[in-house]
Structure formats: structure tokens, C-alpha cells
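Just below is one structure, and these are the notes that go with it.
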Protein chains: 2
Amino acid sequence: MAAERSGGGDPARTIALLWRKPPEPKPVGRKPKVSVDQIITAAIAVADREGLGAMSMARVAQELTVGTMSLYTHVPGKAELIDLMADAVLQERDLTSDGTWRDRIKHYADRTRAVYQAHPWMRDVSMVRPPLGPGLMDGQEFVLAALADAGLEPRHVTTAHIAVEGFVHGAAASEVDDQQLEEKTGESGDSWWGARQLFWDDYFDVERYPTMTSLWNAGAYDTGGTLSDTVRDSFDYGLEKLLDGIEGGLR
Amino acid sequence: MAAERSGGGDPARTIALLWRKPPEPKPVGRKPKVSVDQIITAAIAVADREGLGAMSMARVAQELTVGTMSLYTHVPGKAELIDLMADAVLQERDLTSDGTWRDRIKHYADRTRAVYQAHPWMRDVSMVRPPLGPGLMDGQEFVLAALADAGLEPRHVTTAHIAVEGFVHGAAASEVDDQQLEEKTGESGDSWWGARQLFWDDYFDVERYPTMTSLWNAGAYDTGGTLSDTVRDSFDYGLEKLLDGIEGGLR
DNA sequence: TATTGTTTCCGTATGGCCTACGGAAATGGG
DNA sequence: CCCATTTCCGTAGGCCATACGGAAACAATA
């Protein structure tokens with residue numbers, strides 16, 4: 001299921017961690033073997049390599065050659081750790097403001113897509129109650145600024161913002177799903193579809209699905225490229241059309 | 001993480017189950033206590049009430065007052081059961097073909113949204129390697145037919161199809177995330193944001209986020225409605241603009 | 001009725017997960 | 001040296017999927 005995220009924990013503690021508010025100095029007491037940043041880095045490394053499902057507290061502790069329970073001294077729990085991981089990778093986008101508002105939104109989409117590519121486990125992190133850290137906030141500011149520059153009314157800026165964010169994150173997530181499955185199952189998307197050839201042979205009903213049949217006969221599915229290419233092209237097309245629509249609403 | 005789905009299992013077995021190919025009659029042997037349909041129904045009931053995370057084989061078996069391992073006689077494993085659940089709820093859409101192509105796409109979006117509302121765990125089911133059952137296939141045919149009627153070239157129909165499907169499923173998933181979290185954590189979205197008021201008080205940097213600040217001052221965030229309303233309006237807007245863009249590309 | 005072949009039912013066991021609890025170990029100051 | 005403080009971490013409880021193999025139910029046959 002979607003990985004649970006900062007649920008019961010104290011919001012103030014989580015937000016302080018997200019913004020790396022330094023804890024008041026501790027002059028006495030045992031020296032820490034690990035830092036919050038080390039934990040986040042190790043957790044991201046594990047999730048990158050083995051998926052979010054494999055990112056257990058025990059596994060991260062092992063990575064740092066530390067006892068499992070030591071992590072809980074630095075991080076409230078697994079849900080909060082995932083928040084920290086997500087905000088950290090969103091910061092990698094490093095957004096630069098050049099060009100028209102459309103260029104900037106496409107830049108945002110590309111950078112966000114790159115984050116998902118590099119960290120496929122982001123697919124499993126819900127962005128509905130997002131980690132309110134710098135990575136997320138900087139991205140929001142960037143998109144809002146672009147939309148405001150486009151000339152939308154303030155009220156429409158916020159509406160369009162949610163639509164664009166939804167499209168971008170959704171597209172990036174879908175695109176990455178395939179790779180994630182590939183890593184987990186060791187089977188590529190193309191091979192997966194190949195193994196289901198028997199569906200088309202034995203179950204596909206030409207009369208029930210006339211449009212699919214005629215599209216097939218018209219060669220609409222002879223793309224030449226891989227599945228991933230097709231999906232990426234489709235999302236580029238979709239974003240373009242969404243921006244066309246937003247732009248058209250201005251006139 | 002995203003719930004794993006039909007991975008290693010025999011595709012032929014899964015597809016036969018999806019299309020309810022009746023097993024050859026077994027004249028002899030012990031009578032089954034449960035059927036595949038009963039298992040699917042019980043699993044959906046559990047997931048509806050308690051989330052996909054709580055939908056364990058043991059929990060479903062308990063629901064049916066049957067031993068856990070009995071389920072494995074009828075269903076290859078948990079991944080395949082999730083495929084069967086997903087296709088079953090997609091069949092609930094019951095799509096009717098009236099109106100313009102735009103009306104039909106919006107109808108599709110509404111019905112799909114309703115499925116996610118009724119079965120929030122769908123958020124966690126990846127649609128990249130979808131269950132090739134009647135629920136999914138009927139939906140695809142429906143959208144493809146609408147786009148073909150719009151007058152798109154065959155090659156553009158398939159591209160637009162992926163974009164629209166991505167938007168609709170992505171939007172429905174986002175929209176539902178909130179409710180899912182609400183059930184799981186017992187905290188509403190509005191209350192969640194309220195508990196993070198301290199973020200705006202203590203961490204929000206007006207100079208770093210000028211656009212957000214000015215939008216706030218312009219009253220763009222005084223929506224009046226609940227969070228869910230805002231999100232739904234945004235996705236209606238986004239779909240409308242996406243269709244505008246697709247339509248505009250025809251001229 | 002007793003036997004046999006077939007099918008379903010399901011108890012057990014393995015190896016994983018998160019994290020509450022509380023004691024052990026380390027550290028700097030008096 | 002002692003002690004307050006802080007971090008480290010072993011244990012334990014209660015979840016999960018599913019491989020394995022024997023027990024139980026049933027129809028046909030003898």
C-alpha cells in the first residue's frame with residue numbers, strides 16, 4: 001500500500017527535522033555514532049537499490065553498522081523518515097528560472113521526472129499531505145510563479161497549480177512504475193506484455209472491442225520504440241495540451 | 001509500497017481467472033467451501049473497510065470463516081487476488097455512450113473517480129501492467145472510441161489515450177489519498193493542515209516564497225469549501241483544459 | 001459397505017516487519 | 001571518582017506471505 005507517512009508523530013518535531021533546525025548543543029553525554037543526514041542518505045541508498053519495501057529500519061541500521069533501535073534516537077519513526085527522504089530528493093531538482101512560463105513548467109516537469117527516475121520509490125510516497133520541507137516548497141513556489149507570470153487570476157493560479165502538479169507527479173509516477181516493477185520482478189515491461197500474448201490469442205473479442213481492433217489494423221500500435229518511449233511521448237503530449245488549454249483560457 | 005501484482009505467477013492462470021473461465025467440472029472430490037467470487041468479494045470488503053494494508057490472506061480467510069491456506073486452492077496468491085479485485089471494481093463503472101466525445105470522456109472520468117471513492121485502496125494498485133480483464137478492457141475501448149470519434153489520427157488516438165488515462169487515474173488517486181489517510185489516521189485533511197499551522201508561523205519565509213505570499217494576500221486561498229472540494233474543482237479544470245488542448249490540436 | 005482416487009481444507013513453520021521498553025555503555029563536569 | 005545526561009541496542013510481542021504435507025470429504029467402483 002502507499003507507504004504511511006508522518007501520521008501520529010508530533011508535527012513540530014518532523015518540521016524541525018525537515019528544515020534541519022539544529023538541536024540545542026548537548027555538552028555532555030555519549031557522542032552520537034550517526035547523524036540524521038547519514039540516516040536519510042543511507043535510507044535513500046537502500047530504497048534506490050532495493051525499493052521502498054526493502055527500506056526497513058533494520059536494513060538501514062545494517063547499512064550504517066548500527067543497532068536498529070539506535071535510529072529511533074534521531075528520527076521519530078519510519079513514516080517521518082520517509083518524509084525526510086522525499087523532501088531530500090525533491091531538493092535535487094535544483095530549478096532554474098529561464099524562459100517563458102511554459103518553458104519553466106516544462107523544466108519543472110523534466111526535473112521532477114528525473115527525480116522519479118533516480119528514485120523510483122517516490123511512486124509510493126503520497127503527495128497529498130506532503131512533507132512541508134524546502135524541497136517541496138521550492139517546487140511549489142516555482143510552479144506558482146510560472147503560472148502567475150502566465151497572467152492567470154490569483155484564484156485560477158491555485159486551481160491550475162493543483163492540476164499541473166497532479167499531472168506531473170502522476171505522469172512521473174506512472175512512467176517509473178514500469179522500471180520499478182522491472183527491478184522487483186526482473187522482467188521488463190515488453191517481456192511482461194509478451195508473456196501475455198495468449199490474451200490476445202485466446203481472450204480478445206474483436207466484436208466487443210471494435211475500436212481497439214481497427215486501431216490495431218491501422219498500425220497505431222506499431223510504434224517502433226520501447227514501451228517506455230511511448231509512455232514518455234504521451235506525457236509530453238499531455239502536458240503540452242494541458243498548457244495549451246490553460247493558455248487558451250486566457251484569451 | 002505499491003502493492004505487488006501478478007508477478008511470478010502463470011499469466012495464463014491469472015487471465016483465465018480474470019475472465020472467469022470456468023474450470024473443467026470436477027465430478028469427484030471434496031466440495032469447495034468457498035468460490036473465487038466469494039474470495040474476491042470478501043477481499044474487497046476488507047480493503048474497503050480497512051485499507052489494502054489490512055487485506056491479508058489471513059484476514060480474508062477469517063472473513064469467510066475458512067483456514068488461511070484454503071484460499072490458495074482457488075487463487076494463486078495475494079498479487080493475483082489484487083488483480084482480480086481491481087478488475088472487479090473497474091467493472092462497476094458501467095459506462096454508457098451518450099453525448100459528444102467530450103461528454104463521454106468526462107463521463108468516464110466521473111465513473112472512474114467514483115470507483116476510487118468507493119474503493120480508495122485502488123490508489124495503491126499500479127495500472128502500468130494492468131490486469132487484462134473485462135473491467136480494464138471495457139474502459140480502454142470506451143476512451144479510445146471517444147477519442148477516435150473526436151477525429152484524431154489513429155496514431156494520435158493512442159498517444160492521447162495514455163495521457164487521458166494517466167490524468168484520470170492520477171487525479172482520482174490523488175483525490176482519494178486524502179480520504180484514505182483520514183481513515184487510517186483518523187485525522188481529516190483540514191485538521192492535518194491545521195496541526196501544521198506552526199509551519200506557517202515559525203518556518204515560512206516570506207522572502208523565499210514571494211509568489212505564495214502575494215497569492216495568499218490576494219485571497220487566492222480563501223476558497224470557502226473544504227480541501228476535497230478544492231481538489232475536485234482543480235481536476236475538473238485540468239481535464240477541461242486537457243480536452244481543450246486536444247480539441248485545439250485538431251484545428 | 002469398503003476401497004480407491006481425487007480434490008479441498010488447513011496446521012505448522014520459516015523468516016521477515018515495526019517499535020515499546022528498559023538497561024548498558026559512553027561522556028564531560030564537578 | 002561519581003553522577004547526570006545522552007546514546008546505543010537486545011529483547012519481545014504481534015503482525016505478514018506462503019511452502020509443505022497430511023487430514024478430511026466426496027463420488028465412483030467393487
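Keep in mind that the numbers below use all heavy atoms, side chains included, and drop hydrogens, waters and symmetry copies. Chain letters run A, B, ... following the sequence lines, proteins first and then strands; every chain starts at 1.
- Listed candidates were D:dC8, C:dC10, D:dC26. Nearest to the side chain of B:Ser70 is C:dC10.
- The CE-P distance, from A:Met69 to C:dA20, rounds to 7 Å in whole Å.
- When heavy atoms are screened at a 4.0 angstrom cut-off, B:Met57 is found touching the sugar-phosphate backbone but no base atom.
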Self-check item: Full working for salt bridge (charged side-chain N to carboxylate O under 4.0 Å, His left out) between B:Asp37 and B:Arg20
Solution: CA-CA 9 Å; B:Asp37 282 300; B:Arg20 300 292 193 284; 3.1 Å; yes
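- Note: CD (A:Gln62) to P (D:dC9) measures 14 Å, nearest angstrom.
- Put simply, A:Ser56 has a side-chain N or O that comes within less than 4.0 Å of OP1 or OP2 on C:dC17.
- In this structure, the nucleotide among D:dG10, D:dT7, D:dA25 sitting nearest to the side chain of A:Arg30 is D:dT7.
- At the heavy-atom level, B:Val75 lies nowhere under 4.0 Å from the strands shown.
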Quiz item: Given the rule in the salt bridge (charged side-chain N to carboxylate O under 4.0 Å, His left out) test, do B:Glu141 and A:Arg208 qualify, once you have shown the distances and angles that lead to the verdict?
Solution: CA-CA 9 Å; B:Glu141 172 72 16; A:Arg208 184 168 180 171; over 6 Å; no
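- In this structure, CG of A:Leu81 is placed 15 Å from C1' of C:dC17, rounded to the nearest angstrom.
- At C:dG28, one or more side-chain N or O atoms of A:Lys31 fall inside 4.0 Å of OP1 or OP2 (strictly under the cut-off).
- By the 4.0 Å N-to-carboxylate-O rule, A:Glu175 lies too far from A:Arg123 to be salt-bridged with it.
- Contact annotation: A:Lys33 side-chain N/O to D:dC8 OP1/OP2 distance is not under 4.0 Å.
- Annotation: of the two residues near DNA chain D, B:Ala58 and B:Gly29, the 5′-most nearest-nucleotide partner is B:Ala58.
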Quiz item: Passes salt bridge (charged side-chain N to carboxylate O under 4.0 Å, His left out), A:Arg111 versus A:Glu92? Steps please.
Solution: CA-CA 8 Å; A:Arg111 301 299 302 150; A:Glu92 295 172 5; over 6 Å; no
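- Ranked by how close their nearest DNA chain D nucleotide is to the 5' end, A:Gly67 and B:Thr68 are led by A:Gly67.
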